[in-house]
Amino acid sequence: MDVRRRSEKPVYPSKVFAADEKPLKPYKNQQQEDSNTLLIDASDALPLPLYLTNGLFFTMFFSVMYFLLSRWREKIRNSTPLHVVTLSELGAIVSLIASVIYLLGFFGIGFVQTFVSRGNDGSWDVEDENDEEFLSKEDSRCGPATTLGCAIPAPPARQIAPMAPPQPAMSMVEKPAPLITPASSEEDEEIIKSVVQGKIPSYSLESKLGDCKRAASIRKEVMQRITGKSLEGLPLEGFNYESILGQCCEMPIGYVQIPVGIAGPLLLNGKEFSVPMATTEGCLVASTNRGCKAIYASGGATCILLRDGMTRAPCVRFGTAKRAAELKFFVEDPIKFETLANVFNQSSRFARLQRIQCAIAGKNLYMRFVCSTGDAMGMNMVSKGVQNVLDYLQNEYPDMDVIGISGNFCSDKKPAAVNWIEGRGKSVVCEAIITEEVVKKVLKTEVAALVELNMLKNLTGSAMAGALGGFNAHASNIVSAVFIATGQDPAQNIESSHCITMMEAVNDGKDLHISVTMPSIEVGTVGGGTQLASQSACLNLLGVKGANREAPGSNARLLATVVAGSVLAGELSLMSAISAGQLVNSHMKYNRSTKEANTIPCI
């Protein structure tokens with residue numbers, strides 16, 4: 001029996017053929033030396049073309065599945081055991097199994113092409129020696145490939161395509177390579193490596209280097225190398241890092257750019273103000289500007305300051321509720337209050353204690369100190385005065401346990417009814433009468449429609465939502481923008497945005513009276529972010545930069561009225577846009593990026 005055996009030669013020989021050798025022809029076109037050598041595709045064994053066979057088995061699979069599911073549903077409804085199978089169901093199951101086997105072979109194995117050769121006696125061998133030699137020559141260019149020391153034969157194919165170079169194995173989660181930007185000097189590079197390795201704390205760079213900008217640059221590069229994330233878009237140049245050291249921001253790595261727009265002129269109490277607004281929300285400045293235009297055309301707005309007092313409320317505890325009540329009566333006594341006021345006022349030449357409001361919860365006493373703070377927002381100032389009073393009271397009440405200098409009865413940077421009712425910072429009311437002509441021509445709406453919308457939206461709707469100080473359309477928008485532009489604490493936007501907007505038809509229903517009442521605007525013109533160059537420039541634009549030496553506190557109070565007047569303009573314009581149905585159209589026009597929109601293909 002003439003059975004060809006597999007050659008013992010390695011499948012992937014190390015022989016390298018010269019460039020002038022005659023190129024090999026594709027296997028299928030190569031002349032067969034053995035007349036019994038056959039070339040067979042897997043699809044050649046099918047009685048039908050491959051696409052028809054696939055369609056037949058797909059159709060059979062889904063048809064049989066539908067038939068079986070229908071039969072099983074009937075059995076479940078009729079309480080027939082599922083294992084009782086009829087002849088037709090048995091045939092369907094067999095057809096289903098055959099379909100599954102074919103489909104698994106089609107999708108799992110793919111288009112398998114097998115080369116076989118048949119001997120004279122009808123026996124079959126895997127491959128012909130000539131085939132092996134051809135494959136060896138073709139694959140010798142790719143180098144040897146072995147697994148567990150055994151040669152791997154190349155998969156048979158009609159035409160051998162050049163193999164792609166092996167790709168390195170990738171882990172499921174690949175950590176990005178650290179970004180390395182060359183340092184400006186070898187010394188900086190050494191410092192960067194020391195910070196990355198933890199030898200030098202990042203927070204100590206300013207004190208060690210004596211150069212705040214250089215420290216920020218090194219810290220920025222350290223963050224890029226540690227995280228592997230680029231900070232290329234975060235600017236470093238053009239900022240005075242010495243100005244924020246020890247008072248505004250720790251461990252800086254750059255600064256964020258926020259555009260500043262101008263709304264106005266805002267005619268308020270007979271004076272014109274150009275209001276700076278730092279925001280990234282489109283339409284906000286334009287809308288506020290329209291409100292300023294309507295107010296100006298109607299003769300301006302009037303603003304009145306109602307109260308001016310920053311608060312701090314420590315929490316103290318006694319052994320009994322009786323002792324807590326005794327201290328409450330002590331601080332509320334007018335004679336004793338004078339003594340406490342003298343102790344408090346010694347902490348600053350601007351701080352002046354106005355009153356102390358007490359609340360008891362069991363044996364815990366909360367004392368809400370209210371004081372004026374000049375042109376500063378005053379949180380640090382009032383805290384120093386409160387500490388002086390606590391030290392004094394500790395001598396009078398040695399059993400008093402100070403739980404914390406802030407007991408949240410203040411209440412700072414949180415929505416609280418005590419601020420809404422009692423006020424905190426500057427309490428302001430601002431009003432204007434908008435004529436019928438301006439309502440129609442500038443605001444594009446009607447007086448009656450505005451009055452109705454305000455009642456149903458700002459009053460009724462907010463009450464339905466359980467709002468706390470939020471009886472307005474968007475006071476927070478304007479407050480935040482002005483706060484950021486002028487260096488205020490953005491977190492105090494929470495209580496500073498407490499506002500109730502009122503609208504009423506006056507002069508026989510022809511004109512509109514609008515007002516905003518804001519009981520807790522917390523602003524200052526000295527300290528904190530107000531001393532930074534950009535914020536200081538915005539304060540200077542309003543004419544309230546720094547402290548007023550002639551009338552301490554007047555600059556901060558004027559800034560509070562400007563905030564309230566700007567809110568009045570913003571409320572007037574937004575309510576008009578909603579009333580006229582222009583809100584969506586205006587936002588689509590001014591609050592959408594046309595740069596990206598133009599790149600989107602039309603459908």
Shortest non-hydrogen separation from [X] to [Y] and the atoms involved:
X    : Y    : value
T501 : L459 : O-CD2, 4.0 Å
H498 : P415 : NE2-CA, 4.2 Å
L284 : A481 : CD2-CB, 4.2 Å
I262 : P276 : CD1-CA, 3.7 Å
S573 : G291 : CB-N, 3.9 Å
V447 : V439 : N-CG1, 3.9 Å

Inset, instruction - Report, as yes or no, whether the 6.0 Å neighbourhood of atom NZ on K441 holds more than 12 heavy atoms from other residues, nucleotides or ligands. - result: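 Not buried by this count: 12 neighbours or fewer within 6.0 Å.
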Inset, instruction - Please check if atom CG in L87 has more than 12 non-hydrogen atoms from other residues, nucleotides or ligands closer than 6.0 Å. - result: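 Open: at most 12 neighbouring heavy atoms sit under 6.0 Å from CG of L87.
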Interatomic distance, [X] atom [atom1] to [Y] atom [atom2] [nearest 0.5 angstrom]:
X    : Y    : atom1 : atom2 : answer
S579 : L453 : OG    : CG    : 6.0 Å
C283 : N289 : SG    : CG    : 12.0 Å
L450 : M503 : CG    : CE    : 5.5 Å
I192 : Q197 : CD1   : CD    : 12.0 Å
M251 : M223 : CE    : CE    : 9.5 Å
E522 : I494 : CD    : CD1   : 10.0 Å

Legend entry - side-chain contact (heavy atoms from CB on, under 4.5 Å) between Q224 and S230, worked out: CA-CA 6 Å; Q224 291 189 125; S230 174; 4.1 Å; yes
Should [X] and [Y] count as side-chain neighbours, where that means a heavy-atom distance under 4.5 Å?
X    : Y    : answer
L205 : I200 : yes
T288 : L574 : no
T280 : P259 : yes
D489 : K413 : yes
M277 : V260 : no
P235 : Q257 : yes
S88  : F67  : yes
T86  : R71  : yes

Legend entry - Pairing of R225 and E189 as salt bridge, 4.0 angstrom limit: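 Yes, R225 and E189 are salt-bridged.
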Inset, instruction - Would you mind checking if R424 and E495 are paired as a salt bridge, meaning a charged N to carboxylate O distance below 4.0 Å? - result: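 Judged by the 4.0 Å cut-off on N to carboxylate O distance, E495 and R424 do form a salt bridge.
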Legend entry - Pair K414-S411, side-chain contact (heavy atoms from CB on, under 4.5 Å): steps then yes or no: CA-CA 6 Å; K414 292 167 284 292; S411 173; 3.6 Å; yes
Inset, instruction - Assess whether side-chain contact (heavy atoms from CB on, under 4.5 Å) is satisfied between I578 and K457, documenting all intermediate values. - result: CA-CA 10 Å; I578 296 175; K457 171 183 168 62; 3.9 Å; yes
Inset, instruction - Give me the ring orientation class for Y255 and F239: parallel if the planes are under 30° apart, tilted from 30 to 60°, perpendicular past 60°. - result: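 Parallel.
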If you look only at distance, which donor and acceptor atoms sit under 3.5 Å apart when one is on a side chain in residues 462-479 and the other is two or more places apart or in another chain?
residue	atom	partner	partner atom	Å
S462	OG	N458	O	2.9
S462	OG	G470	O	3.1
N472	OD1	A475	N	3.1
N472	ND2	C499	O	2.9
H474	ND1	N477	ND2	3.2
H474	NE2	G570	O	3.0
S476	OG	N493	OD1	3.3
S476	OG	N493	ND2	3.1
N477	ND2	E281	OE1	3.4

Inset, instruction - Give a yes or no on whether the backbone of V451 and the side-chain of N454 come within a donor-acceptor separation of less than 3.5 Å. - result: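 A pair under 3.5 Å: no.
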Inset, instruction - Give the C-alpha distance, both sets of side-chain angles, the deciding distance and a yes or no for side-chain contact (heavy atoms from CB on, under 4.5 Å) between Q492 and D412. - result: CA-CA 7 Å; Q492 290 183 324; D412 185 40; 3.1 Å; yes
